[in-house]
2 protein chains.
Amino acid sequence: MHSLDILMAEDILMAEFDIIARYFSNLLPNKNNIALGVGDDAALYNLSEETQLAITIDTLVAGVHFPETTLPEDIAYKALAVNLSDLAAMGATPVWMTLALTCPQIEEVWLSKFSYGLSKLAEIAQINLIGGDTTQGPLTVTIQAAGLVPFGQALHRQGAKSGDGIYVTGTLGDAGLGLASILGQINLPKSFRYYTEARLNRPIPRWLEGQNLRGIATSAIDISDGLIADLGHILTMSSVGAQIDLEQLPLSEAISTTLSPIEAWELALTAGDDYELCFTVPPNREKLLVDILSTSNYSKIGIIESTPGIRCITPEGMTFTPKGQGYQHFS
Amino acid sequence: MHSLDILMAEDILMAEFDIIARYFSNLLPNKNNIALGVGDDAALYNLSEETQLAITIDTLVAGVHFPETTLPEDIAYKALAVNLSDLAAMGATPVWMTLALTCPQIEEVWLSKFSYGLSKLAEIAQINLIGGDTTQGPLTVTIQAAGLVPFGQALHRQGAKSGDGIYVTGTLGDAGLGLASILGQINLPKSFRYYTEARLNRPIPRWLEGQNLRGIATSAIDISDGLIADLGHILTMSSVGAQIDLEQLPLSEAISTTLSPIEAWELALTAGDDYELCFTVPPNREKLLVDILSTSNYSKIGIIESTPGIRCITPEGMTFTPKGQGYQHFS
């Protein structure tokens with residue numbers, strides 16, 4: 001339940017969880033069947049003795065979470081993707097969603113394209129739209145998604161232990177490079193431009209990997225705000241620290257061939273919107289991991305340590321500190 | 001899942017259900033455990049053989065659904081109220097909600113007041129906040145609420161039969177009068193001004209009445225867009241018509257003493273935002289109704305007929321046609 005303020009980082013003042021915890025603490029759960037409230041990627045509600053419902057809600061605002069020029073089909077796709085990514089981080093199987101769409105006016109073509117983008121991802125994820133509200137106003141898309149998870153098997157931010165390996169799916173920093181390209185901050189060859197813009201606008205959330213990691217990963221989060229920021233949530237919630245081996249950061253060809261190593265690390269560590277999973281696995285389950293994620297692209301990038309903080313180590317054994325530490329964002 | 005566009009009615013082009021049905025039809029449910037999708041006050045998801053979850057989502061946009069001058073505590077209160085009203089119309093018991101709050105900046109005082117308004121109603125309704133997303137942008141509040149209902153006992157818009165009595169809770173038109181007062185279109189005595197503005201900003205949804213009506217009402221809807229418009233949904237879904245006895249429309253002292261009968265009927269029939277329930281009960285259950293709603297304020301205002309359409313009858317036996325027929329609103 002978070003997404004990256006890509007265009008207005010200067011107004012970022014306070015972490016979202018702090019806002020909810022600080023101002024809405026008197027509203028937080030006290031009922032038995034609410035197993036988990038605010039503070040993870042999704043809330044958990046006990047459906048039965050066998051099953052829990054994971055619930056998440058995310059909003060994308062035009063000009064804040066995506067450039068005004070973004071295509072309607074990409075806006076819709078991404079609004080669903082960020083929610084599916086939250087469900088993935090909980091190890092939940094997507095089941096239904098509700099949509100609250102606020103837009104300036106009804107335009108047939110725009111709505112058709114928006115619906116097309118939504119259905120494209122919804123069909124892959126096998127998630128159904130069960131309710132909606134359409135209102136007039138500045139373009140804002142809120143999707144609330146729910147998924148199923150076997151009782152007690154949801155993945156959490158809390159649970160990483162010293163000695164666990166730190167893993168990520170896919171490659172890191174592509175969405176950030178795509179945004180830089182769209183904003184005209186970097187000139188990319190055509191194929192890299194297409195690839196990175198697709199990674200920004202049409203990420204494929206890792207709900208299958210999330211489900212497969214149940215019972216294997218000791219902690220998990222989706223990378224929406226950059227690796228440092230999101231791994232930081234795991235570390236804080238688990239009261240541990242981490243060492244990251246920069247050479248092991250998974251980089252796409254688009255990044256490794258257009259950026260210097262330092263630029264690439266900076267982007268991979270701090271750029272948001274990748275919607276990959278970051279998770280931890282103890283050494284004695286590494287064999288299980290290889291079996292279960294055999295068809296997925298993932299990398300071991302470091303190790304959990306007892307000393308708090310994140311230490312990024314270069315191939316020369318030096319410590320590298322990225323300029324950005326990931327957003328403390330208002331989004 | 002609807003609420004009234006109070007300030008920008010001229011832009012209203014298409015009914016919300018039409019938008020969802022037309023543009024998102026390929027996304028509508030096909031899974032067995034989704035018992036009811038788009039088209040009623042809430043969706044229904046089968047939790048178990050005993051229980052269903054009613055799910056609704058509603059957005060309020062500043063300058064569209066409430067004047068920009070509305071107090072933060074009232075905005076929050078109302079954002080929850082419109083959702084509780086949807087749950088009430090389904091006969092569901094509120095259980096949890098998620099909040100997506102988009103606002104221009106973080107202001108401590110504003111957020112504290114917003115939280116206070118939300119908690120005031122949440123405590124009464126015994127509903128817990130289990131998740132949220134805060135984003136930066138134009139002020140927009142989306143709440144998604146869920147409630148429990150015994151399997152198969154939810155109230156629906158469909159089900160009214162010829163001969164059923166038509167009932168409403170509370171009084172009608174007060175919120176509309178309150179809005180007219182706030183907009184300076186009418187000058188009310190102080191006590192009426194306070195009363196009607198409270199009815200506009202802090203309605204008390206009828207979730208207890210909704211729960212009590214399970215097994216008694218043949219159909220139900222909440223009155224968010226005006227009686228004619230919302231009763232119209234019951235009639236369309238049930239393939240019936242209605243006769244309304246204007247003399248029986250429940251009017252508050254604020255309305256009956258400041259407006260002419262015709263003005264009062266107009267408001268009671270077409271003004272939105274009352275968040276009362278409209279429901280139908282067959283003659284042989286009227287006694288049950290008296291018992292079950294003994295502590296609630298409700299009125300019989302007409303009768304369901306087989307001829308389509310709504311006929312409003314004056315005390316003199318004439319037909320009255322309100323100028324507004326309720327909004328076909330984009331909201």
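Lettering follows sequence order; numbering is per chain, from 1.
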Sequence-distant partners of Thr70(A), side chain to side chain donor-acceptor pair (under 3.5 Å), two or more places apart: none

With rounding to the nearest 0.5 Å, note down the distance linking CD1 in Ile55(B) to CD1 in Ile130(A). 3.5 Å

Between Leu148(A) and chain B, with a heavy-atom cut-off of 4.5 Å, which part of the residue counts as in contact: side chain, backbone, both or neither? side chain

Heavy-atom neighbours of Ile204(B) CD1 exceed 12 at 6.0 Å: no

I'd like to check the side-chain contact (heavy atoms from CB on, under 4.5 Å) partners of Ala81(B); sequence neighbours left out, ordered by chain and number. Tyr77(B), Leu121(B), Pro203(B), Pro205(B)

Output the distance between atom CG (Asp133(A)) and atom CD (Gln144(B)), rounded to the nearest 0.5 Å. 12.0 Å

Is any side-chain heavy atom of Thr135(A) less than 4.5 Å from a side-chain heavy atom of Val64(B)? no

Would you mind checking which part of Ser48(B) comes under 4.5 Å of any heavy atom in chain A, side chain (CB onward), backbone (N, CA, C, O), both or neither? neither

Would you give the length of the straight line joining atom CG of Asn46(B) to atom CG of Leu47(A), rounded to the nearest 0.5 angstrom? 11.0 Å

Smallest separation among heavy atoms of Pro138(B) and Val61(A), with atom names: CD-CG1, 3.9 Å

Heavy atoms, side chains only, cut-off 4.5 Å: are Leu53(A) and Leu53(B) in contact? yes

Value rounded to 0.5 Å, distance of CG in Leu99(B) from OG1 in Thr59(A): 8.5 Å

Looking only at non-hydrogen atoms, find the nearest pair between Thr142(A) and Ala100(B) and report the distance. CG2-CB, 3.7 Å

